[in-house]
Amino acid sequence: MAYEFDRIEKKWQGIWEKEKPYAAKTGDARPKFYGLIEFPYPSGQGLHVGHPRPFTAMDIVTRKKRMEGYNVLFPIGFDAFGLPTENYAIKNHIHPAIVTQKNIENFTRQLKMLGFGFDWDRVVDTTDPTYYKWTQWIFLQLWKKGLAYKATMPVNWCTSCKCVLANEEVVEGVCERCGSPVIQKEKSQWMLRITAYAQRLIDDLDELDYIERVKLQQRNWIGRSTGAEVTFKATTGDDIVVFTTRPDTLFGATYMVLSPEHALVKKWMPLLKNAADVQAYQYAAASKSDLERTELNKEKTGVCLDGVAAVNPVNGRQIPIFISDYVLATYGTGAIMAVPAHDDRDWEFAKRFGCEIIEVVSGGEDVQKAAFTAKDDIGILVNSEFLNGLTVREAIPVITKWLEEKGIGHAQVNYKLRDWVFSRQRYWGEPIPMVLCEKCGWQPLPEDQLPLLLPDVESYEPTDDGESPLSKMTDWVNTTCPCCGGPARRETDTMPQWAGSSWYFLRYMDPHNDKALASKEALDYWSPVDWYNGGMEHTTLHLLYSRFWHKFLYDIGVVPTKEPYAKRTSHGMILGQNPHCFSCMSPDKQKQLIDEFGSEEAAKAHLVEKYGEMAERPSVKMSKSLGNVVNPDDIVRDYGADTMRLYTMFIGDFEKAAAWSDNAVKGCKKFLDRVWALAEAGPEGEDVTAANEAILHRTIKKVSEDIEEMKFNTAIAAMMTLVNEFYKSKPSKGDMRILLELLSPFAPHIVEEMWEMLGFAGRAMGQSWPQYDEAKMVEQTKELAVQINGKLKSTVQVPADAPDETVVEAAKADAKVARAIEGMEIVKTIVVKNRLVNLILRPKK
RNA sequence: GCCGGCGUGGUGGAAUGGCAGACACUGCGGACUUAAAAUCCGCUGUCCAUUGCGGACGUGCGGGUUCGACCCCCGCCGCCGGCACCA
């Protein structure tokens, strides 16, 4: 009889509510282990089938750690500020706080339904004033240290969300969240000086156990370049400072380019003979969207400033100055020296505008035909006076030193990383605790006045002019200056969603503290997070932001470690089955189509014609329109939480995307049914049976190691193999005990029920993790492959660890091998212990 | 364009120098059943041979190293992801 998953799961969830086996104990003598998953945004749709994948994975890891004797902290919370809730509130005229509460309740129900071992007494909600009090407090500390500042600058503006976006939130020129076009808008914004930490954010990656692609992506995003800053003199006497990574090519600089927004252009305007053209170009550049401005293979445009020129400091040559939008105002100094012979972009521009191209590094093709950009030791400097004859690598320090001695330049490092635009013109976020006084300027709210509560407003609608909904709350906005007591106005923008998630893992350590964001004792005990699993999409957002905040908190002595997370892993997405792909249809459906169209080829051709490329992809993102969305509630109702957990782990390589398959879910249910039947059969004998000993020890080793490496699919496969073996060899109670202990982290409900049924003491989850013995893993006899000239010919049974001679004799005695050897001479014999024999033959002379 | 990852049966995937396809899904056959479902047992890479013994091919393509290559090296092709006028 199949087990009653519904009754069993409810029973054990009730017991866990009472017994609290997942409570973490701050200060406990056992070694600590802090496992973290990214807390969910409680959306109105409820838990997505993608959520349980990382949650189950870390649940398994932490359950194993508990069994290994660790004091485990495995917490959960809700990242509840954000736009979808606000938009829902606008549409349905409900306060976002009420929507949030309802959604959190639903998420809590679903998470408990899946049996995750969270410490439910440490739940954190970023919208709770007792939580965001400390988010605001951290902001004030940043302000005190000069790392939060208000600046007016062109910022990314989402035309649909009516809100500014951080650089990290713009993907290919559109809003990361809603896909609407992003334009540049001049606005006064709160900024966080993340660039001050750029170097440390790169350097400290070296010591961290992050998967390589995360490190790489962060390094690329921060984008460190080394080079030099060089000052050119303009004919007006002004200094033009440029950044270059190739100071060695200075003799080849034949013109300069400023970004259209560069301050000197405005200053020089009265002197310019073509001022009208220049202004027209500036205007055109400003009105372009991000997409247009960064469009690929676009022909270079620009205008030469007529009436001013620059002087190349190395040779005194006068060179023209252009403005062009291929030079960005926000990187380096917003101005470049152009070396068309050795830079592709400069070369392209020079060809278009007829600028001179002078070769200063030899070793490439004709620079009149293409730029020669190699930076290594291939190129030798020419036409460069004192640099001639040096390689590029040798020339860079020589010219840098020369520039420093002459006082016209110095070595310089630049980053692509920009400061973090930190204000949002929306309601449902943390209020920024700052007030603007006419006399005193921006003043922080005194810390004893935190939290600054979000006021109730009539309408949550953002305005087209880019003002926050809070700006209409005059009672709230008008306040007094904390410094002089005079009239002042509150900041009406709120913080971005990334604020609350930048430190939530610290609050879990001590979630109810009202004196500090967490006590020193709790921070010292639990820091750092030992293992953090999350999505790749957060690599240059949440993960980078929280590293920055943590480093800042470390600098001001609040946290004991300079990095928040010791280890970072990442999971792949769960995709849906493509209903239009022939090869992933059910056999019935396939037959139906073949009947309809005459042949398989015709049916496939029909699908390709109807759905295009789409029809050839087996798996696609889940979407309502394709009807392939899987709801965890349905799966748990039909198969139970343990099957759901097991299947999400068995679905494929944890790090890669995987497609949901209803049939494969049934396979996992079948596995649990088979284990259940073994327990129901009433096994006897406390000892491990001789027949099962070797495979049990091998399975313990495999499951133990695979969990640590997040290879859950093969861990489950090993347990399936073990159960298949049990069906042949009849397990004892002692054999079953080990299987249940190994299975417990994966399928905790059914395992506890069987544990009780078999009359074992205590709880399965409370046992010590089973240990394996290498000596007991080996079988008495081994099957070895026998190869002839490297190709498999036969297999032979020999005793384990048999000496080479015995193995070779056994191989030669095999009938097939003997036939192959006949008339041949054995030139060479290769024996790999317990694996194979390879005989190299050649015809006898 | 630059950087990274991947390419294995009808499907999801396993194996990182030693018997390719573990484990599972699907399919086929058998047992049980009045019957069906469920369950249990067996088979299931392709092709040739098939009465039986067997044989050939096979990890995107082409080369190489090695006794031996899905794995390492060189050169291509394709797909996915990140960055992208960053000087």
Side-chain angles (χ1 to χ4, degrees), chain A residues 1-2 171-172 212-213 216-217 219-221 223-225 227 242-246 249 257 293-298 300 324-328 330-339 342-346 348-349 414-418 536-537 539-540 577 581-587 590 600 617-619 647 650-653 655-668 670-671 673-674 677 711 713-721 723-724 727-728 783-795 816 827-841:
Chain A
M1 203 183 96
V171 179
E172 288 172 2
E212 273 310 308
R213 55 199 174 120
L216 207 76
Q217 220 168 294
R219 283 195 192 103
N220 286 344
W221 184 260
R224 181 187 145 100
S225 310
V242 302
F243 172 70
T244 176
T245 55
R246 294 291 301 277
T249 62
V257 187
R293 194 163 167 168
T294 58
E295 204 181 337
L296 266 177
N297 300 326
K298 190 186 62 177
K300 296 264 182 293
S324 171
D325 64 5
Y326 87 90
V327 172
L328 307 176
T330 46
Y331 182 78
T333 59
I336 62 156
M337 64 176 211
V339 186
H342 306 291
D343 181 278
D344 290 326
R345 296 151 302 182
D346 296 347
E348 202 189 312
F349 188 90
N414 257 318
Y415 304 91
K416 288 193 218 174
L417 187 72
R418 308 286 154 79
M536 283 306 290
E537 71 275 17
T539 303
T540 53
Q577 272 169 325
C581 166
F582 186 86
S583 61
C584 35
M585 286 174 182
S586 69
Q590 289 182 349
E600 192 178 314
R617 294 169 178 237
S619 49
Y647 177 60
F650 190 60
I651 191 166
D653 185 334
E655 288 199 15
K656 291 194 197 125
W660 188 268
S661 154
D662 288 330
N663 277 325
V665 177
K666 288 177 199 160
C668 288
K670 198 164 106 180
F671 168 67
D673 283 336
R674 279 162 69 79
K711 288 159 73 176
N713 53 337
T714 49
I716 294 167
M719 288 188 280
M720 286 175 167
T721 307
V723 168
N724 290 344
Y727 267 70
K728 292 179 190 131
E783 191 184 56
L784 267 60
V786 183
Q787 296 179 337
I788 301 290
N789 294 337
K791 298 196 86 175
L792 180 71
K793 196 56 154 179
S794 185
T795 57
K816 280 187 216 168
V827 188
K828 194 173 176 185
T829 306
I830 294 141
V831 180
V832 181
K833 210 168 199 50
N834 292 334
R835 283 200 181 261
L836 61 68
V837 185
N838 187 8
L839 304 172
I840 310 304
L841 307 181

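Per chain, numbering begins at 1; letters A, B, ... match sequence-line order.
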Nucleotide nearest [X] (side chain, heavy atoms from C-beta), chosen from [options]:
X        : options             : answer
A:Phe243 : B:C23, B:C3, B:A87  : B:A87
A:Lys670 : B:G4, B:G55, B:C40  : B:C40
A:Ile830 : B:C41, B:C23, B:C67 : B:C67
A:Leu792 : B:U26, B:A20, B:C3  : B:A20
A:Ser225 : B:A24, B:C19, B:A87 : B:A87
A:Ile840 : B:C40, B:C67, B:C19 : B:C67
A:Lys711 : B:C85, B:C41, B:A15 : B:A15
A:Thr244 : B:C40, B:A87, B:C85 : B:A87
A:Arg835 : B:G12, B:G4, B:C19  : B:C19
A:Asp343 : B:C85, B:C40, B:A87 : B:A87

Please figure out whether A:Met720 or A:Thr540 has its closest RNA chain B nucleotide nearer the 5' end.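 The residue closer to the strand's 5' end, by nearest nucleotide, is A:Met720.
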Identify whether any heavy atom of [X] sits under 4.0 Å from a base atom; if not, whether one sits that close to sugar-phosphate; answer base, sugar-phosphate or nothing.
X        : answer
A:Lys833 : nothing
A:Asn724 : sugar-phosphate
A:Gln787 : base
A:Ala338 : nothing
A:Arg213 : nothing
A:Gly332 : nothing
A:Phe671 : nothing
A:Ile716 : nothing
A:Arg224 : nothing
A:Thr795 : base

Any side-chain N or O of [X] less than 4.0 Å from the OP1 or OP2 oxygen of [N]?
X        : N     : answer
A:Lys791 : B:C57 : yes
A:Asn713 : B:A22 : no
A:Lys416 : B:C3  : no
A:Tyr331 : B:A87 : yes
A:Arg674 : B:C41 : yes
A:Asn789 : B:C67 : no

base_contact_polar ([N] base, [X] side chain, donor-acceptor, <3.5 Å):
X        : N     : answer
A:Lys656 : B:C6  : no
A:Glu783 : B:C19 : yes
A:Asn838 : B:C67 : yes

Whole angstroms only, please: what is the [atom1]-[atom2] distance between [X] and [N]?
X        : N     : atom1 : atom2 : value
A:Met536 : B:C83 : CE    : C1'   : 13 Å
A:Leu216 : B:G4  : CG    : P     : 7 Å
A:Leu328 : B:A84 : CG    : C1'   : 11 Å
A:Lys300 : B:A87 : NZ    : C1'   : 11 Å
A:Asn220 : B:C3  : CG    : P     : 10 Å
A:Gln217 : B:C80 : CD    : C1'   : 13 Å

Taking syn as any angle within 90 degrees of 0 and anti as the rest, which one fits B:G9? syn
